[in-house]
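Read the structure below first, then the notes.
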Amino acid sequence: ALIFPMNFHVTNGFFAEEFKAQAFYGLFFGMMAVLAFYNGYVWLFMRDGAYLYNMAFILSAMLYQASISGFGSQYLWGQGSFLNDKGYGIGILATIFFAGRFAVRFIDLRNRVPALAKFTDITVSIFGLLLLPAVVLPENQILPVIYVMELLICLYAIGALLHQCMTGNYWARYLMAGWSVLITGTLFFVASQMGWIAHNVLIEYIHAAGLALGNVMVTSALAARMQR
């Protein structure tokens, strides 16, 4: 997928920016791969669904970021792959679907507020159901719908997490702290794609950094929960 608007650089400026991007995304994908492996490894022994959903969330986010950054077509699946056209939309939908499933389990929402847990499951399931249209339809038709839903789910996540924080949910505070940069970066990134604000590389970096740092914090919290 091509992400517009595009920036053009003179030769020296291009290589300087490319070096920064290579270093940043190399660190990002390295961190995310380690976190995905850890969550999968622990799930094999613990059989706790939270680890499995978090691993799937991390892998989906890696697909999403590989599509945005161009690293996917450059280093992973090549130029002629189906994922060049569909990986971006699929990555967004899968990331939100698995993130929602993980959050419900991590903050024990089914036991604390069953109605809110059910509503969250139904809401994120819509993103799962949209995977088929994302495969079949052109991106210019499905992405505007995805962007609107992405904005709404971010606002819903903020409200639901704040509600749980105020009612004394200890793990919701971890998740709120871990996902705060991620949600903020997502809101800015989607707003830039919809033309509401100017797009720049800093927004992409904040979005990716939120995914990585948020997952470091949340995975650490999962480890702490395991020891309690």
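For clarity, every value in this text was computed on a predicted model and none was experimentally measured.
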After noting the C-alpha distance and the side-chain angles of Phe127 and Phe97, does the key distance pass the ring-ring contact (aromatic ring centres under 6.0 Å, His included) rule? CA-CA 6 Å; Phe127 287 87; Phe97 175 77; 9.0 Å; no

Derivation of the side-chain contact (heavy atoms from CB on, under 4.5 Å) call for Gln65 and Tyr25: CA-CA 9 Å; Gln65 285 294 326; Tyr25 282 107; 3.6 Å; yes

side-chain contact (heavy atoms from CB on, under 4.5 Å) between Leu63 and Tyr88, worked out: CA-CA 7 Å; Leu63 170 63; Tyr88 179 52; over 6 Å; no

Please report the C-alpha distance between Trp77 and Asn84 in whole Å, then the side-chain angles of each, then the deciding distance to 0.1 Å, and finally whether the side chain to side chain donor-acceptor pair (under 3.5 Å) criterion is met. CA-CA 8 Å; Trp77 50 74; Asn84 280 335; 2.8 Å; yes

ring-ring contact (aromatic ring centres under 6.0 Å, His included) between His199 and Phe188: does it pass, once the steps are laid out? CA-CA 9 Å; His199 180 83; Phe188 275 100; over 10 Å; no

Could you walk me through whether Tyr64 and Leu59 satisfy the side-chain contact (heavy atoms from CB on, under 4.5 Å) test, starting with their C-alpha distance in whole Å, then the side-chain angles of each, then the deciding distance to 0.1 Å, before giving a yes or no? CA-CA 9 Å; Tyr64 171 40; Leu59 292 175; over 6 Å; no

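At least one side-chain heavy atom of Val135 sits less than 4.5 Å from a side-chain heavy atom of Phe82. Under the 4.5 Å side-chain criterion, counting only non-hydrogen atoms from C-beta, Met194 is in contact with Leu151. You'll find the side chain of Leu130 reaches within 4.5 Å of the side chain of Met149, heavy atoms only. The shortest distance between side-chain heavy atoms of Phe71 and Gln22 falls below 4.5 Å. The side-chain heavy atoms of Gln164 and Val113, taken from C-beta on, include a pair separated by under 4.5 Å. Using a 4.5 Å heavy-atom threshold, the side chains of Leu211 and Met62 count as separate.
If you take CD1 on Ile153 and OG1 on Thr186, they are separated by 11.5 Å, rounding to the nearest 0.5 Å. Within the model, atoms CD1 of Ile126 and CG of Leu131 stand 13.0 Å from one another, a figure rounded to the nearest 0.5 Å. The distance from atom CE of Met176 to atom CE of Met217, rounded to the nearest 0.5 Å, is 12.5 Å. With rounding to the nearest 0.5 Å, the separation of CG in Asp48 from CG in Leu222 is 7.5 Å. Between the CG atom of Asn169 and the CG atom of Leu162 there is a distance of 12.0 Å, given to the nearest 0.5 Å. In this structure, CG in Asn54 is found 11.5 Å from CZ in Phe98, a value given to the nearest 0.5 Å.
Of all the heavy atoms in Glu150 and Ile96, the pair that sits closest is CG-CD1, 3.7 Å. Of all the heavy atoms in Leu175 and Ala103, the pair that sits closest is CD2-CB, 3.7 Å.
Counted by atom type alone, Trp171 and Asp108 present zero donor-acceptor pairs between their side chains at under 3.5 Å. When only modelled atom types and interatomic distance are considered, Thr120 and Tyr156 share a side-chain donor-acceptor pair under 3.5 Å.
With Thr219 contributing its side chain and Val216 its backbone, the two residues share no donor-acceptor pair below 3.5 Å. A donor-acceptor contact shorter than 3.5 Å links the side chain of Asn200 to the backbone of Ile203. Thr95 places a side-chain N or O within 3.5 Å of a backbone atom of Ser60 that can act as its donor or acceptor partner.
Criterion: ILVMFWY side-chain heavy atoms under 4.5 Å apart, direct or through other members. Under it, Leu129 and Val104 are not part of a common hydrophobic cluster. Leu52 and Val34 fall into different hydrophobic clusters, defined by Ile, Leu, Val, Met, Phe, Trp and Tyr side-chain heavy atoms under 4.5 Å apart, directly or through other members. A single hydrophobic cluster is seen to contain both Leu44 and Leu35, as judged by linkage of ILVMFWY side chains at heavy-atom distances under 4.5 Å, directly or through other members.
Chaining together hydrophobic side chains whose heavy atoms lie under 4.5 Å apart places Leu202 alongside Val181, Ile206.
Paired with Leu187 under the rule side chain to side chain contact (heavy atoms under 4.5 Å, CB included), one option of Val190, Ile183, Thr184 passes, and it is Ile183. Checked options Leu182, Ile58, Asn39; the residue passing with Asn215 is Ile58 (criterion: side chain to side chain contact (heavy atoms under 4.5 Å, CB included)).
Taking the six-membered ring for Trp and the full ring otherwise, Tyr170 and Tyr174 have centroids separated by under 6.0 Å. The six-membered or imidazole ring of His207 lies away from that of Phe28, with a centre-to-centre distance of 6.0 Å or more.
In this structure, Arg105 has no salt bridge (Lys or Arg N to Asp or Glu O under 4.0 Å) partners at least two apart in sequence or on a different chain. With sequence neighbours left out, Phe57 forms a ring-ring contact (aromatic ring centres under 6.0 Å, His included) with Trp179.
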